[in-house]
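Below is one structure, written out as structure tokens; the observations come after it.
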Number of protein chains: 2
Amino acid sequence: MRIFVIFLVLSLFPLAVFSDESDLLPRPLIFETQLKTVKDNVNLHCTSWRFAAETNNLAPWKTIPVQCAGYVKDYLMGEGYVLDLERVSEEAKFYATSFEISNDKKDIWIFDIDETLLSNLPYYLEHGCGVEVFDYSKFDKWVEKGKAPAIAPSLKLYQKVKDLGYKVFLLTGRSENHRGITVENLRNAGFHNWDKLILRSLDDKHKTATIFKSEKRDEMVKEGYRIRGNSGDQWSDLLGFAMSERSFKLPNPMYYIP
Amino acid sequence: MRIFVIFLVLSLFPLAVFSDESDLLPRPLIFETQLKTVKDNVNLHCTSWRFAAETNNLAPWKTIPVQCAGYVKDYLMGEGYVLDLERVSEEAKFYATSFEISNDKKDIWIFDIDETLLSNLPYYLEHGCGVEVFDYSKFDKWVEKGKAPAIAPSLKLYQKVKDLGYKVFLLTGRSENHRGITVENLRNAGFHNWDKLILRSLDDKHKTATIFKSEKRDEMVKEGYRIRGNSGDQWSDLLGFAMSERSFKLPNPMYYIP
């Protein structure tokens, strides 16, 4: 299907952009309409691709379709991404308030970190927003700067669930080596007083995120915690076993983690 | 958030459509641009709503936002829905071919029926495509006609998984009373030789679809079946317990079943 879409999208470009339709340039309105048609078709195909990615139908995938590079960047830099982030935060807040929090302090909310609490958009904007294959060593250098900004709607949700009395557990695929800088980055971005910060130890290094995170959730359940909510931008934050009673999928059209 | 979006969307309409901007009518290009801006904003908000619905962030919801009625209808009647249906079918076929099917005939694929194998779009087009609250008795009358057409990309997937040697189990929230007409409808639409058709008995009537379908999947697992794939348009087809190794979420922006 990916090949089919790429073929379709590619087959649209020559229609107006690369063909001898350019002799229509003196008639700007017609030319504009044709450009708009090309853009509408790219939008249509890239929206369809994005839906498939966000609903976990595409898994696994390594990079975004190169034809969708502009679409994805426009989405991330435009209102679409902000709207989606705000909506998932609002829906999660609505759900979070629906519980009577028990006095036993066993009601918890799990947050992933990257693209959930902290945004690596400054890094990805310099690396093609998903067009480039993920580069661990480059990304690690960015992480080690500790400059990732907060995702504002997630910070609101974080504060809300804290205020409501949930315990907050942060569960991230970041390595234990990055604990110090992660704590510093989170604090500087406005996140305080979490109850646990679980990073990936050497033993967990070769596990998929789905397995690593499921095992950690399973430990929580065995310790008597009730996982009421779980916020993550990857399905590997949310699926597997010992799943949360309710999961909230934040948008991320840039990369896929198994 | 829903209220926020409705407010936002509503606040856009007066900008050009209902205000005294109508005195710009003699300058059609400017008026068109404003209409386009309104439409772009409705698209933006309704796309965001659709993402939230399709990623299960909205659950539960009863009807689509009335402002998105046109957007949802355009999506269903335009290329978007077809593209999304084709993509999920192709991705599922790709995954299905990745297994060596065992000779023990225990590899199975589960399909939901409504909006997965059969389309009720002719019914929903006459009932607002999600704007109207679901009406069991009206919908039952439509089901009893047995005229729901096949979703063509799903029929292709159905045939592919049959050819590959999977057993095909149909698991539907339709009631056991509708077995006869459902069999007739499926056959007339081109679906043949399924291995099981499981409908909702009287005992299952008051269960959520998530529980009913999880229990039925659990029985399959206990009978030794390996649930390799599961195709459904509702998260209640896919989530719960005894989940499939891989799930495929078909698009459905019209209704939500818990």
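Below, chains carry the letters A, B, ... as their sequence lines are ordered, and counting in each starts from 1.
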> Under 30°, 30 to 60°, or over 60°: which ring-plane class applies to Phe111(A) and Tyr158(A), parallel, tilted or perpendicular?
Replying inline: tilted
> Where along residues 246-258 of chain B does a heavy atom come under 4.5 Å of chain A, listed by residue number?
Replying inline: Arg246(B), Ser247(B), Phe248(B), Lys249(B)
> Taking all non-hydrogen atoms of both residues, which atom of Tyr166(A) and which atom of Ala96(A) are closest, and how far apart?
Replying inline: OH-O, 2.6 Å
> CG of Leu157(B) to CD of Glu86(B): how many Å apart, nearest 0.5 Å?
Replying inline: 12.5 Å
> Heavy atoms under 4.5 Å from chain A: which residues of residues 207-234 of chain B carry them?
Replying inline: none
> Which distance, rounded to the nearest 0.5 Å, do you find between the SG of Cys129(B) and the CG of Asp74(B)?
Replying inline: 10.0 Å
>> Between Thr97(B) and Phe94(B) (side chain of the first, backbone of the second, donor and acceptor by atom type, cut-off under 3.5 Å), is there such a pair?
In response: yes
>> Looking only at heavy atoms and a cut-off of under 4.5 Å, which of Thr47(A), Leu239(A), Thr55(A) has the most pairs with chain B?
In response: Thr55(A)
> Are the side chain of Arg87(A) and the backbone N or O of His45(B) linked by a donor-acceptor pair below 3.5 Å?
Replying inline: yes
> About how many Å separate OH of Tyr124(A) and CD of Glu115(A), when rounded to the nearest 0.5 Å?
Replying inline: 6.0 Å
> Side chain, backbone, both or neither: which part of Asn56(A) has an atom under 4.5 Å from a heavy atom of chain B?
Replying inline: backbone
>> Has Ser154(A) got a side-chain atom pairing as donor or acceptor with Leu117(A)'s backbone, closer than 3.5 angstrom?
In response: no
> How long is the span from the CD1 atom in Ile113(A) to the CG atom in Leu170(A), to the nearest 0.5 Å?
Replying inline: 5.0 Å
>> With a 4.0 Å cut-off on N to O distance, would you call Asp163(A) and Lys93(A) a salt bridge?
In response: no
